[in-house]
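Data first, discussion second: the structure below is written as structure tokens.
Hydrogens, waters and symmetry mates play no part in the numbers below; they use all other heavy atoms, side chains included. Heads up: numbering here begins at 1 and tracks the sequence.
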Amino acid sequence: MGDLHESIPEGVVSLPVIDLSLDRDQVSRAILDAGTNIGFFQAIEQVINHGVTEQAMRDMEAACREFFALPAEDKAAFYSQDNKKTNRYFSGSTYQTGGNKYWMDCLRLGCSIPVGDSKNNWPDKPQNLRGVIETFTVLTRDMGMELLRLLCDGMGLRPDYFDGNLGGADVIVTLNHYPACPDPSTMIGLPPHCDRNLLSLLLPSTVPGLQFSHNGQWIDVQPLPNAFIVNFGLPLEVVTNGMLKSIEHRVVTNTTMARTSVGTFITPTKDCLITPAEEFLGEENPPRYHAVTYGDFNRIHSIAKHGLSSVKTTDLKKIEESLRTET
């Protein structure tokens, strides 16, 4: 590929494909362009050298398949429906969203950087799971932080702008499994949502299912081999005062094929203040969002379950009422 973006037939909407092996200034501008227009992109390199080796990706995919194929009793010790628990295995089939059942299984893990002892809190089956996840997480997190530095270049910010509290919490990794579904009309893999973290990096399945919202329509994502799907989370939209877009997306099911993916999420620390940064404010560009700590943002967003309600509202009484109700 010699151009920054893959050519798209006229009238067809697709994710921008950004070749990370090209000139740094070109890449940073392309990431910024993707963030201001569509909120998603696919990151590749001509020689597949974005920092996450092909071996690490294949090992991660194999570990996912092996974990979800384990007998139920081997996964039971990690099973929990408590969404405040950092490390847990859970099923979405007990939930309902908008009348539709939520059809997926997920292993969610918290990873300190460096991973260190945090891996001792992960499942020990299959045998190589911990080592594979550690290698994959470190490489993917490094890739995400480099993408944020490239974004800083495009926006004229100092390169380490997101290195502190904004991107400094433990990395969250999710192994997601969407079984073949008997009735896709009433069961959705993941309901429409915007991500609550700063940056999301998805190692997708070759099986279709991920969709993003564009001009009132759901658009199928067509993943490329060895590419990561990258999207911007709600805190990044707030910090840039709306310059970058956090776009709603969902996962749909199908009757014949199971789908497995891996998400890596770079997240602010709990006490980090999520607020429009001074660099994005001016006389003609007043704050569009109010300030709230990431811990409160997370809790309110979980209650509201839609969009940027926790930071767009100026009614602080509503926020306080939501927090009191939640606790």
Side-chain angles (χ1 to χ4, degrees), residues 43 50-92 104-148 162-178 190 195-205 226 228-230 233 259-272 294-295 298:
H50 44 43
V52 185
T53 65
E54 186 172 0
Q55 186 64 53
M57 291 188 281
R58 299 295 85 81
D59 288 347
M60 189 71 249
E61 291 167 343
C64 283
R65 290 192 296 270
E66 291 172 22
F67 175 80
F68 289 112
L70 289 172
E73 56 267 24
D74 288 339
K75 296 177 284 191
F78 281 86
Y79 189 85
S80 174
Q81 294 292 354
D82 181 3
N83 61 14
K84 295 179 182 177
K85 195 171 181 179
T86 300
N87 299 295
R88 66 187 183 110
Y89 170 65
F90 62 95
S91 171
M104 59 96 75
D105 296 318
C106 178
L107 176 64
R108 181 187 187 275
L109 303 173
C111 312
S112 61
I113 299 295
V115 173
D117 292 339
S118 65
K119 66 182 176 184
N120 296 331
N121 298 315
W122 305 344
D124 57 3
K125 293 181 180 180
Q127 186 175 9
N128 65 341
L129 182 72
R130 290 179 177 177
V132 168
I133 292 177
E134 178 177 11
T135 298
F136 179 84
T137 300
V138 170
L139 293 174
T140 309
R141 197 257 183 185
D142 287 348
M143 173 191 174
M145 296 308 294
E146 177 61 13
L147 290 174
L148 287 169
F162 296 107
D163 285 3
N165 287 342
L166 278 167
D170 287 356
V171 176
I172 300 299
V173 176
T174 61
L175 283 60
N176 313 299
H177 181 66
Y178 306 91
L190 271 179
D195 287 348
R196 289 178 286 175
N197 48 279
L198 193 71
L199 192 72
S200 305
L201 302 104
L202 183 73
L203 180 63
S205 171
N226 295 323
F228 279 80
I229 295 171
V230 182
R259 179 178 180 273
T260 303
S261 65
V262 183
T264 305
F265 305 100
I266 295 174
T267 304
T269 59
K270 186 177 179 180
D271 59 355
C272 179
Y294 183 67
N298 234 343

### Task
Would you check, one step at a time, whether the test side chain to side chain donor-acceptor pair (under 3.5 Å) holds for Arg58 with Asn226?
CA-CA 9 Å; Arg58 299 295 85 81; Asn226 295 323; 2.7 Å; yes
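- Pairing each heavy atom of Asn87 with each of Gly110, the nearest pair is OD1-N, 3.0 Å.
- Between Ser205 and Ser261, the shortest heavy-atom contact is N-CB, 4.3 Å.
- When the shell of 6.0 Å around CG of Asn120 is examined, it contains more than 12 heavy atoms from other residues, nucleotides or ligands.
- If you run side chain to side chain contact (heavy atoms under 4.5 Å, CB included) between Phe265 and each of Asp195, Val173, Thr140, Val171, only Asp195 comes through.
- Checked by atom type and distance alone, the side chain of Ser118 pairs as donor or acceptor with a backbone atom of Val115 at under 3.5 Å.
- A distance of 8.0 Å separates NZ of Lys85 from CZ of Phe78, quoted to the nearest 0.5 Å.
- Scanning all heavy atoms of the two residues, the minimum distance from Ala56 to Phe136 falls at O-CD1, 3.9 Å.
- The backbone N or O of Arg196 sits less than 3.5 Å from a side-chain atom of Tyr294, completing a donor-acceptor pair.
- Considering every non-hydrogen atom in both Gly168 and Thr269, the closest pair reads C-CG2, 3.8 Å.
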### Query
Should Leu202 and Phe228 be marked as a side-chain contact (heavy atoms from CB on, under 4.5 Å) after you check the CA-CA gap, both sets of side-chain angles, and the distance that decides it?
CA-CA 5 Å; Leu202 183 73; Phe228 279 80; 6.0 Å; no
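- Distance check: Thr86 OG1 to Arg88 CZ gives 10.0 Å after rounding to the nearest 0.5 Å.
- Taking the side chain as every heavy atom from C-beta outward, Ile133 and Lys119 never approach each other to under 4.5 Å.
- Shortest non-hydrogen contact noted between Gln81 and Ser91 is NE2-O, 3.3 Å.
- Smallest separation of non-hydrogen atoms from Val132 and Ala63: CG1-CB, 4.0 Å.
- Judged purely by distance below 3.5 Å, without hydrogens or angles, the side chains of Arg130 and Asn121 never pair a donor atom with an acceptor atom.
- Between Pro126 and Leu70 the shortest side-chain heavy-atom distance falls below 4.5 Å.
- The environment of Lys125 atom NZ is sparse: at most 12 non-hydrogen atoms of other residues, nucleotides or ligands sit within 6.0 angstrom.
- Under the 4.5 Å side-chain criterion, counting only non-hydrogen atoms from C-beta, Met60 is in contact with Leu175.
- No side-chain heavy atom of Ser112 sits under 4.5 Å from any side-chain heavy atom of Asp117.
- Under the 3.5 Å distance criterion, the side-chain polar atoms of Lys75 are matched with a main-chain donor or acceptor of Phe68.
- Atoms CG and OG1, from Leu107 and Thr174 in turn, are 9.0 Å apart once rounded to the nearest 0.5 Å.
- Expressed to the nearest 0.5 Å, how far OG1 of Thr260 lies from CZ of Arg65 amounts to 8.0 Å.
- Distance CG/Asp142 to CG/Leu147: 11.0 Å, rounded to 0.5 Å.
- Of the listed residues (Ile266, Leu198, Leu199), just one forms a side chain to side chain contact (heavy atoms under 4.5 Å, CB included) with Phe162, and that residue is Leu198.
- Within 6.0 Å of CD in Gln127 there are 12 or fewer heavy atoms belonging to other residues, nucleotides or ligands.
- Looking only at side-chain heavy atoms (C-beta outward), Ser80 and Phe90 stay at 4.5 Å or farther from each other.
- Taking NE2 of His177 as the start and SG of Cys106 as the end, the distance is 12.0 Å to the nearest 0.5 Å.
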